[in-house]
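Note on naming: letters A, B, ... go to the chains in the order of the sequence lines (proteins, then strands), and numbering restarts at 1 for each one.
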Number of protein chains: 2
Amino acid sequence: MFDLANYLPYLINRAGVRVAAKFTQDVKSENVSVQEWRVLAALSAYGPQRMSALADLTSIDRTTLSRLVTRMEEGGLVLRSRAEDDGREVHISLSTKGSATAGHIIPLAQRYEEIALEGFSAEEAAAFKDMLKRVYANFDRL
Amino acid sequence: MFDLANYLPYLINRAGVRVAAKFTQDVKSENVSVQEWRVLAALSAYGPQRMSALADLTSIDRTTLSRLVTRMEEGGLVLRSRAEDDGREVHISLSTKGSATAGHIIPLAQRYEEIALEGFSAEEAAAFKDMLKRVYANFDRL
DNA sequence: TATTGTTATACTCTATAACTATA
DNA sequence: TATAGTTATAGAGTATAACAATA
């Protein structure tokens with residue numbers, strides 16, 4: 001047969017789906033979707049980004065991100081501007097409202113991390129995160 | 001700021017998205033989507049299931065699953081039948097074609113697990129899977 | 001010609017609610 | 001009334017390809 005209960009991609013997917021589903025409900029009060037939060041989080045963590053970098057950081061498809069950013073721009077969460085040195089590039093940055101919204105959500109996000117890691121020692125948590133990074137890196141070339 | 005690079009939900013999401021994206025390309029030759037594979041895998045691992053159980057096993061929304069199963073039924077991958085003892089329940093099972101398709105994909109899926117866990121010791125891999133189960137369980141009540 | 005980003009299209013997924021059939 | 005599953009609808013995501021603007 002097939003040992004689904006110990007199949008790694010399955011375990012990753014179901015954990016991710018569950019966390020995202022719960023988070024969706026909780027950020028609804030901020031009128032922000034999970035994808036929008038991912039953009040806000042990436043810009044909060046790394047500052048203004050080009051579209052292609054933002055797509056990598058958020059794991060959001062480029063064409064989806066383009067329209068998502070348009071909606072966020074219309075909602076006043078982010079600013080879009082052309083690069084001065086290279087007219088092809090677009091720089092996305094947080095607006096004041098976007099920063100404030102991110103500031104409201106970050107504590108909630110941190111509570112999610114605490115819930116997820118309940119019962120983990122600090123060493124276990126660090127090892128766990130490291131393993132997730134290694135899995136990601138193992139697919140770098142593919 | 002916000003330490004995205006060590007934020008657990010982010011790490012889980014990006015690993016899951018990357019694995020699913022690569023897998024999508026690879027199963028295309030079997031004319032099967034990732035969601036369809038999840039159904040095939042669940043039925044291969046646990047045998048015939050009711051719709052609600054299958055939704056839990058695959059982390060697929062019930063309404064999405066209902067239409068997904070319709071498409072798979074039309075494609076000859078699964079069989080849908082009413083329960084004899086309770087006319088409300090529907091049992092989904094693999095057809096001969098569905099079993100054969102799953103049989104083709106399972107080796108590919110196992111290669112994905114090997115790629116994902118490259119550089120992991122057996123103990124690390126086991127600990128990693130256990131942690132993913134604990135994270136999932138930590139959101140049980142929410 | 002190559003790169004960056006946007007738009008078009010068709011299909012799928014999600015979320016909510018309403019609905020049918022059965023218990 | 002409650003449960004199992006389906007269907008309707010609107011909004012959003014995905015994949016592919018085509019496109020404009022810039023380099």
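Protein chain B touches strand DNA chain C; the 5'-most and 3'-most nucleotides with an atom under 4.0 angstrom of its non-hydrogen atoms are C:dT12 to C:dA23.
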Just the table, please: protein N/O against nucleotides 20-23 of chain D N/O, every pair under 3.5 Å.
{"residue": "D:dT22", "atom": "O3'", "partner": "A:Gly87", "partner atom": "N", "Å": "3.3"}
{"residue": "D:dA23", "atom": "OP1", "partner": "A:Gly87", "partner atom": "N", "Å": "2.8"}

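Atom CE of residue B:Met131 and atom CG of residue A:Leu117 lie 9.5 Å apart, to the nearest 0.5 angstrom.
In this view, B:Glu73 and B:Arg80 satisfy the side-chain hydrogen bond (donor to acceptor under 3.5 Å, both in side chains) rule, not counting sequence neighbours. Legend: residues meeting ring pair (Phe, Tyr, Trp, His ring centres under 6.0 Å) with B:Phe120, ordered by chain and number and at least two apart, are B:Phe128. For B:Ala42, the side chain to side chain contact (heavy atoms under 4.5 Å, CB included) criterion is met by A:Leu4, B:Leu54, B:Leu57, B:Thr58, not counting sequence neighbours.
Nucleotides of DNA chain C nearest to A:Ala20 and A:Val90 differ in position, and the one nearer the 5' end is that of A:Val90.
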Give the table of side-chain donor-acceptor pairs shorter than 3.5 Å for residues 11-19 of chain A, with sequence neighbours excluded, one pair per line with atom names and distance.
{"residue": "A:Arg18", "atom": "NH1", "partner": "B:Tyr136", "partner atom": "O", "Å": "2.8"}
{"residue": "A:Arg18", "atom": "NH1", "partner": "B:Asp140", "partner atom": "OD1", "Å": "2.7"}
{"residue": "A:Arg18", "atom": "NH2", "partner": "B:Tyr136", "partner atom": "OH", "Å": "3.1"}

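For B:Thr70 (side chain) and B:Ser66 (main-chain N/O), a donor-acceptor pair under 3.5 Å exists by modelled atom type.
A sub-4.0 Å separation between OP1 or OP2 of D:dA12 and a side-chain N or O of A:Gln35 is absent. In this model, the phosphate group of D:dT14 is not approached by any side-chain N or O of B:Lys28 to a distance below 4.0 Å at OP1 or OP2.
Here D:dA12 presents its P atom at 12 Å from CE of A:Met72, a figure rounded to the nearest Å. Rounding to whole angstrom units, NZ of residue B:Lys22 and P of D:dA15 are separated by 11 Å.
Counting only residues at least two apart or on different chains, the ring-ring contact (aromatic ring centres under 6.0 Å, His included) pairs with a member in residues 25-46 of chain A are A:Phe23-A:Trp37, A:Trp37-B:Phe2. Pairs engaging residues 2-11 of chain A under the salt bridge (charged side-chain N to carboxylate O under 4.0 Å, His left out) rule: none recorded [sequence neighbours left out]. Within the structure, every pair that satisfies the salt bridge (charged side-chain N to carboxylate O under 4.0 Å, His left out) test and touches residues 89-106 of chain A, not counting sequence neighbours, is listed here: A:Arg50-A:Glu89. Sorted by first and then second residue, the side chain to side chain donor-acceptor pair (under 3.5 Å) pairs involving residues 19-30 of chain B (not counting sequence neighbours) are B:Asp26-B:Tyr112.
Of all the residues in residues 49-59 of chain B, not one reaches under 4.0 Å from DNA chain C with any non-hydrogen atom. Less than 4.0 Å separates DNA chain C from at least one heavy atom of each of the following residues of residues 62-69 of chain B: B:Thr63, B:Thr64, B:Arg67.
Both B:Phe139 and A:Val34 belong to a single network of hydrophobic side chains, linked directly or stepwise wherever heavy atoms of I, L, V, M, F, W or Y lie under 4.5 Å apart.
Contact check on B:Glu124 versus A:Arg134 returns a salt bridge, with a Lys/Arg side-chain nitrogen under 4.0 Å from an Asp/Glu carboxylate oxygen.
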